[in-house]
Number of protein chains: 2
Amino acid sequence: MPASMPLTRAAPPSGPPARHCASVSAASAGLEALLRQFPLQRHGLRRKQYLFRAGQPCRALFLVHAGCFKTCVLSEDGREKITGFHLRGDLLGADSLDLPVHACDAIALDVSDAWELPVWMLQGQLAGVLHQVTLTLAADLRRDWQWMLALGTLGAEQRVALFLLDLAARLQARGFSPRQMLLRMTRAELGNFLSLQLETVTRALGRLSASGLIRVNGREIRINDAEGLRRLLER
Amino acid sequence: MPASMPLTRAAPPSGPPARHCASVSAASAGLEALLRQFPLQRHGLRRKQYLFRAGQPCRALFLVHAGCFKTCVLSEDGREKITGFHLRGDLLGADSLDLPVHACDAIALDVSDAWELPVWMLQGQLAGVLHQVTLTLAADLRRDWQWMLALGTLGAEQRVALFLLDLAARLQARGFSPRQMLLRMTRAELGNFLSLQLETVTRALGRLSASGLIRVNGREIRINDAEGLRRLLER
DNA sequence: CGGTGGTTTGAATCCGTTCAAGAACCGTGG
DNA sequence: CCACGGTTCTTGAACGGATTCAAACCACCG
C-alpha cells in the first residue's frame with residue numbers, strides 16, 4: 001500500500017481553494033472567512049470520538065476545519081441512519097438551532113479538528129454569521145433532497161457511483177485530487193448512508209471496478225473514468 | 001362516497017389550533033402569527049396549478065394558508081421526487097433562500113391558498129421573520145432526516161403506516177380529526193414520496209386494511225387503531 | 001356514452017438482502 | 001518481531017419483498 005495520502009487529513013490543500021460549483025461550499029466558505037478573524041475554541045478529535053451527541057444541550061455550532069465527520073440520527077427502537085459525511089468547511093449542529101438539544105450525533109471518522117461557534121455569538125454583532133447559517137441550512141436541505149431522489153430512483157451500483165462522484169467533487173472543491181481518494185468510512189457506514197447492505201456496497205464497488213471505471217483497493221479508490229460513472233446515472 | 005369532508009380544505013378548523021408536538025408547526029405558527037398583521041398578497045390556486053417552478057426567480061416565500069401542496073425536485077434525466085406534502089402553516093420556498101431561482105416545484109393538490117412573503121421584506125424590519133425562517137429550515141431538515149431513516153430502514157407496509165400516522169398528527173395539530181382523513185394525493189404520488197411503486201402502496205394499504213388497523217375507501221382513510229399502527233413500526 | 005386518469009389485482013421476475021464462511025487487515029501486547 | 005483478537009472486507013448461495021408487466025375495474029367528465 002502506498003504511503004499515507006492527505007485527502008481529508010489536516011494537511012493543507014496544495015491547489016487553490018474551492019472555486020466552482022457546490023453552493024454548500026460557497027456558503028460555508030463565506031462562513032469560514034467570516035470566522036477566521038475571531039478567536040474560536042478548537043476541538044481536536046481522534047477517530048470515533050463524538051463532537052456532540054443527540055440529546056446534549058446545544059450551546060454551539062461547529063465548523064469542520066480538518067478531517068471528516070459523520071452525522072447520524074437514531075430512532076427510539078435503535079434504527080440508525082447516517083445523514084451525511086462532512087469535510088472541511090461544513091457546518092455541524094445548525095439543524096437543531098430551534099431546539100434546546102442536538103438532534104443528531106456528530107462523530108469523527110478520522111483525526112479531525114472543529115471550531116466551536118457559540119450560539120450566543122450569533123445573537124449579537126455576528127448577525128451576518130447567522131444569515132450565513134440560514135443559507136447553509138437551505139443548501140443542506142437541497143442536498144438532502146438530491147440524495148432522497150437518488151436513493152429513491154437509483155440502483156445499488158448507481159448510488160455508489162454517485163457517491164464517489166459527489167465525494168470527488170467535494171474533495172476537488174477543497175483542493176484535493178478528484179481522482180484518487182481514501183474513504184474514511186467503512187462499507188457498513190457507506191451502506192447505511194446509501195440505504196444498502198455492506199455486502200451490496202462491496203459488490204457494487206466490485207462491479208464498477210470490473211468494468212474498469214474505478215480501481216478499488218480496500219478504502220483506497222481511484223476514479224479512472226468519471227465520465228463513464230456519470231453515464232451510469234443517466235436515464 | 002360520502003359528501004365532501006373538510007380536512008385540508010379551506011374550511012377553518014373547528015377545534016383549537018396547533019397546540020402540542022411538531023416543532024415545524026411551532027415555528028410556523030409563530031410565523032403565521034407574526035405575518036397576520038401584514039397585508040400580504042394571497043394566491044388562490046386550483047388543483048395541479050403551480051405556486052412556483054424550479055428555475056423561476058424566487059422573489060418570495062409562501063406560507064400555505066389553506067389546502068395542500070406537494071413540492072418536488074427533478075433530475076436532468078427526468079427522475080422526479082416528491083420532497084413533501086404541505087398543509088396550512090407550512091412555509092414553501094425557503095430552501096432556495098441562497099439561490100436566485102427556486103430549486104423545486106410547488107404544486108397545489110387541491111383548491112389552495114398561499115400568502116406571498118417577498119424576500120425584500122425579510123431584509124428590512126422583519127428580521128424577526130427571517131429568524132423564524134431559519135428555525136423552520138432547521139426543522140425541515142430534521143424532518144427530512146426522519147424520512148430518510150424511515151425509507152432506509154422500514155418496509156413498504158411500515159412506510160405507509162408511518163405516513164398515515166404522520167399525516168394524522170399534522171391534521172390533528174391543525175384542528176382536524178386524526179382518525180378520518182381524505183388523501184389529497186394519488187397512489188403514484190404517495191409511492192413516489194415513500195420510494196415505492198403505486199401498486200405497492202395499494203397492496204400495503206390493502207394489507208393494513210385487511211388487518212383491521214385502518215379502513216380504506218379510495219382516498220378516504222379511517223384509522224381504527226393508531227396504536228396498532230405504531231406497533232408495526234417498532235423493531 | 002366513450003375517454004381519461006386513477007386504482008386494484010394477479011403472476012413472473014429481479015435485485016438486494018440475508019446468512020454463512022473465509023480472507024485480509026489492524027493495532028496491541030507478549 | 002510475530003502472535004493474537006477483533007474488526008473489516010469479500011464472496012457464495014438461497015431467499016424474499018418489491019418491481020414489473022398486464023389486465024380489468026371504477027368514477028368522473030366532457
Side-chain angles (χ1 to χ4, degrees), chain A residues 1-4 46-49 70 79 81-82 107 109-111 150-164 182-210 214-221 232 235, chain B residues 1-5 46-48 70 79 81-82 107 109-111 150-163 182-211 214-221 232 235:
Chain A
M1 188 190 308
S4 75
R46 298 201 310 279
R47 278 184 84 234
K48 305 197 178 187
Q49 282 192 311
K70 69 172 175 182
R79 285 156 21 229
K81 171 79 181 184
I82 295 176
I107 305 171
L109 293 180
D110 191 8
V111 174
L151 301 188
T153 58
L154 301 179
E157 212 169 316
Q158 295 176 303
R159 297 185 204 180
V160 172
L162 180 59
F163 177 85
L164 293 178
L182 189 56
L183 301 182
R184 248 63 231 206
M185 69 291 294
T186 67
R187 299 284 191 264
E189 288 168 327
L190 195 38
N192 180 299
F193 178 67
L194 296 177
S195 292
L196 297 171
Q197 295 305 109
L198 64 132
E199 297 95 326
T200 308
V201 173
T202 290
R203 284 187 247 267
L205 284 171
R207 266 175 277 142
L208 292 176
S209 180
I214 64 175
R215 200 179 56 73
V216 180
N217 185 0
R219 297 199 186 174
E220 194 188 328
I221 299 213
L232 273 187
R235 193 86 308 257
Chain B
M1 187 189 308
S4 75
M5 289 176 299
R46 298 202 310 278
R47 277 183 85 235
K48 305 199 179 185
K70 69 172 175 181
R79 286 157 20 230
K81 170 80 182 182
I82 296 177
I107 305 170
L109 293 181
D110 190 8
V111 174
L151 301 188
T153 58
L154 301 180
E157 213 168 315
Q158 297 177 301
R159 295 185 206 180
V160 172
L162 180 59
F163 177 84
L182 188 56
L183 301 182
R184 253 55 237 206
M185 69 291 293
T186 67
R187 298 285 190 263
E189 288 169 327
L190 194 37
N192 181 298
F193 177 68
L194 295 177
S195 291
L196 297 171
Q197 295 305 111
L198 67 136
E199 298 94 327
T200 308
V201 174
T202 290
R203 284 187 247 267
L205 284 171
R207 268 176 274 141
L208 291 176
S209 179
S211 65
I214 63 176
R215 199 178 57 73
V216 180
N217 184 0
R219 297 200 187 173
E220 194 188 328
I221 299 215
L232 274 186
R235 190 92 311 259

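These values consider heavy atoms only, across backbone and side chains, with no hydrogens, waters or symmetry-generated copies. None of these values were measured; they are calculated from a predicted model. In what follows, chains carry the letters A, B, and so on, assigned in the order in which the sequence lines appear, proteins first and then strands, with residues in each chain numbered from 1.
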Among residues 199-211 of chain B, which contact DNA chain C at a heavy-atom distance under 4.0 Å? B:Glu199, B:Thr202, B:Arg203
Side chain to side chain, B:Met185 and B:Lys70, heavy atoms closer than 4.5 Å: no
Please check: side-chain N/O of B:Arg184 versus main-chain N/O of B:Asp110, any donor-acceptor pairing under 3.5 Å? no
A:Arg187 side chain to A:Gly218 backbone, donor-acceptor under 3.5 Å: yes
Between B:Leu183 (CG) and C:dG5 (C1'), how many Å, whole number? 17 Å
A:Leu190 CG to D:dT8 C1', in whole Å, measures 13 Å
Nucleotide D:dA18, atom C1' - distance to CG of A:Leu154 in whole Å: 17 Å
Whole-Å distance between C:dT4 P and B:Lys48 NZ? 14 Å
Take the protein atom CE of A:Met185 and the nucleotide atom P of D:dT8, then report the distance between them rounded to whole Å. 14 Å
State which residue, out of B:Leu208, B:Leu205, B:Leu182, fulfils the side chain to side chain contact (heavy atoms under 4.5 Å, CB included) condition with B:Ile221. B:Leu205
May I have the distance from A:Leu182 (atom CG) to D:dT8 (atom C1'), rounded to whole angstrom? 14 Å
Side chains of B:Val160 and B:Arg207, heavy atoms from C-beta outward: is any pair under 4.5 Å? no
Calculate the interatomic distance between B:Leu198 atom CG and D:dT20 atom C1'; express it in whole Å. 11 Å
What's the CD-P distance between A:Glu220 and C:dA24, to the nearest Å? 17 Å
Hey, which sits more toward the 5' end of DNA chain C by its nearest nucleotide, A:Gln197 or B:Arg187? B:Arg187
Under 4.5 Å between any side-chain heavy atoms of B:Leu154 and B:Leu162, yes or no? yes
With a 4.0 Å limit, can you tell me whether B:Arg219 has a side-chain N or O closer than that to the phosphate oxygens OP1/OP2 of C:dT7? yes
